[in-house]
Amino acid sequence: MGKITFYEDRGFQGLCYECSSDCPNLQPYFSRCNSIRVDSGCWMLYERPNYQGHQYFLRRGDYPDYQQWMGLSDSIRSCCLIRDTSSHRLRLYEREDQKGLVAELSEDCPSIQDRFRLSEVRSLHVLEGCWVLYEMPNYRGRQYLLRPQEYRRYQDWGAVDAKAGSLRRVVDLY
């Protein structure tokens, strides 16, 4: 079970909307989103309806303005609750179609470049659990939710290029 509350204004002010499940279209409930409170669960937010556009990963906590979740604007139009799992495993490949295996991961990786001497990931295979791929090291930049499946090329996870800086397991820490 998850619970997230969206507020139109900064500092948890203005019109608010509480959500406890996936929502492909938040537009009927608020026009802008400037602060968020996550009471439970891990969530992926999207800047456009139907889980499209920039993605923002949030764990339990208070986010008093959109810069706190690395937002580029006050536009949040859809969200999904990410189910927590106890085990996580994924494989990174330096070439498309799962060729050129670089490594298998089961823990967070703050810098793919430092650990594997790799700045681009062209394909990957999520074997267990959900992950968030960040385009820059130390969990910064564009974010991409990775669910268990094969991703034969970077476009399959929604990226515009193969930049890969860090990976984090989706784990509800509370």
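Keep in mind it's a predicted model, so treat the numbers as computed, not measured.
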Can you list the steps and then say if R60 with D39 is a side chain to side chain contact (heavy atoms under 4.5 Å, CB included)?
CA-CA 6 Å; R60 187 181 317 227; D39 289 311; over 6 Å; no

Just do the side chain to side chain contact (heavy atoms under 4.5 Å, CB included) check on C33 and Y66 with the steps written out, would you?
CA-CA 7 Å; C33 181; Y66 66 80; over 6 Å; no

Stepwise, does the side chain to side chain contact (heavy atoms under 4.5 Å, CB included) test hold for H88 with W131?
CA-CA 8 Å; H88 294 78; W131 296 74; 3.5 Å; yes

Does E107 form a side chain to side chain contact (heavy atoms under 4.5 Å, CB included) with R89? I'd like the steps, not just the answer.
CA-CA 8 Å; E107 296 293 327; R89 218 163 40 106; over 6 Å; no

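Across every non-hydrogen atom of S31 and E8, the tightest pair is N-OE2, 2.8 Å. Residues F116 and A103 share a closest heavy-atom pair of CE2-CB, 3.2 Å. Minimum heavy-atom separation, D62 to F12: CB-CZ, 3.6 Å. Of all heavy-atom pairs spanning P148 and C130, the tightest one is CD-SG, 4.2 Å. Considering all non-hydrogen atoms of both residues, D108 and R169 come closest at OD1-N, 2.7 Å. When every heavy atom of P28 is checked against every heavy atom of N25, the shortest pair comes out as CD-O, 3.5 Å.
Here the straight-line distance linking atom SG of C16 with atom CZ of R37 works out to 9.5 Å at 0.5 Å rounding. Here the CZ-SG distance, from F6 to C19, works out to 5.5 Å after rounding to the nearest 0.5 Å.
Criterion: ILVMFWY side-chain heavy atoms under 4.5 Å apart, direct or through other members. Under it, L105 and L133 are part of a common hydrophobic cluster. In terms of hydrophobic clustering, with Ile, Leu, Val, Met, Phe, Trp and Tyr side chains grouped at heavy-atom distances under 4.5 Å, I82 and L58 are assigned to different clusters. V132 and L90 fall into different hydrophobic clusters, where Ile, Leu, Val, Met, Phe, Trp and Tyr residues are linked whenever their side-chain heavy atoms come under 4.5 Å apart, directly or through other members. By the criterion of side-chain heavy atoms lying less than 4.5 angstrom apart, applied directly or through intervening Ile, Leu, Val, Met, Phe, Trp or Tyr residues, Y139 is not grouped with L146; the two fall into different hydrophobic clusters. Tracing side-chain contacts under 4.5 Å through hydrophobic residues (I, L, V, M, F, W, Y), one never reaches I76 starting from M44; they form parts of separate clusters.
Panel note: side chain Q143, backbone F57; a donor-acceptor pair is recorded below 3.5 Å. A distance-only check finds no donor-acceptor pair linking the side chain of H125 to the backbone of Y151 [under 3.5 Å]. Judged by distance alone, the side chain of Q13 and the main-chain N or O of G11 form a donor-acceptor pair under 3.5 Å. Under a 3.5 Å cut-off, the side chain of S166 and the backbone N or O of M136 do form a donor-acceptor pair. For S78 (side chain) and C23 (main-chain N/O), no donor-acceptor pair under 3.5 Å exists by modelled atom type. Checked by atom type and distance alone, the side chain of D22 pairs as donor or acceptor with a backbone atom of L81 at under 3.5 Å. No donor-acceptor distance shorter than 3.5 angstrom exists from the side chain of Q149 to the backbone of R147, with no hydrogens or angles considered. Side-chain atoms of Y144 do not come within 3.5 Å of backbone N or O of Y154 as any donor-acceptor pair. Distance alone, capped at 3.5 Å, is enough to place a donor-acceptor pair between the Q55 side chain and the L145 backbone. For Q98 (side chain) and L124 (main-chain N/O), a donor-acceptor pair under 3.5 Å exists by modelled atom type.
Residues L118 and E94 have side chains in contact (heavy-atom distance under 4.5 Å, counting atoms from C-beta outward). Between L45 and H54 the shortest side-chain heavy-atom distance does not fall below 4.5 Å. L167 has its side chain within reach of L92: a pair of non-hydrogen atoms, C-beta onward, lies under 4.5 Å apart. With a 4.5 Å cut-off on side-chain heavy atoms, R122 and Y93 do not count as touching. Residues M70 and Y134 meet the side-chain proximity criterion, which asks for heavy atoms closer than 4.5 Å. Side-chain contact between L15 and Y7 is absent, with no heavy atoms from C-beta onward closer than 4.5 Å. The shortest side-chain heavy-atom distance between L26 and C79 falls under the 4.5 Å cut-off. Here the side chains of Y46 and S75 are not in contact, with every heavy-atom distance at 4.5 Å or above.
A donor and an acceptor atom, one from each side chain of E47 and S73, are nowhere located under 3.5 Å apart. A donor atom on one side chain and an acceptor atom on the other are found under 3.5 Å apart for S87 and E128.
The pair D97-R153 meets the salt-bridge criterion, with a side-chain N (NZ, NE, NH1 or NH2) lying under 4.0 Å from an Asp/Glu carboxylate O. Between R10 and D65 there is no salt bridge, since none of the side-chain N atoms of the basic residue sits less than 4.0 Å from a carboxylate O of the acidic one. In this structure, K3 pairs ionically with E18, as a charged nitrogen and a carboxylate oxygen lie closer than 4.0 Å. Comment: K163 does not engage E120 in a salt bridge, judged by the lack of any side-chain N to carboxylate O separation of less than 4.0 angstrom. Salt bridge annotation for R152-E96: absent, with no cationic side-chain nitrogen under 4.0 angstrom from a carboxylate oxygen.
The aromatic rings of Y17 and Y29 lie parallel to each other, with less than 30° between the two planes, well short of the 60° mark.
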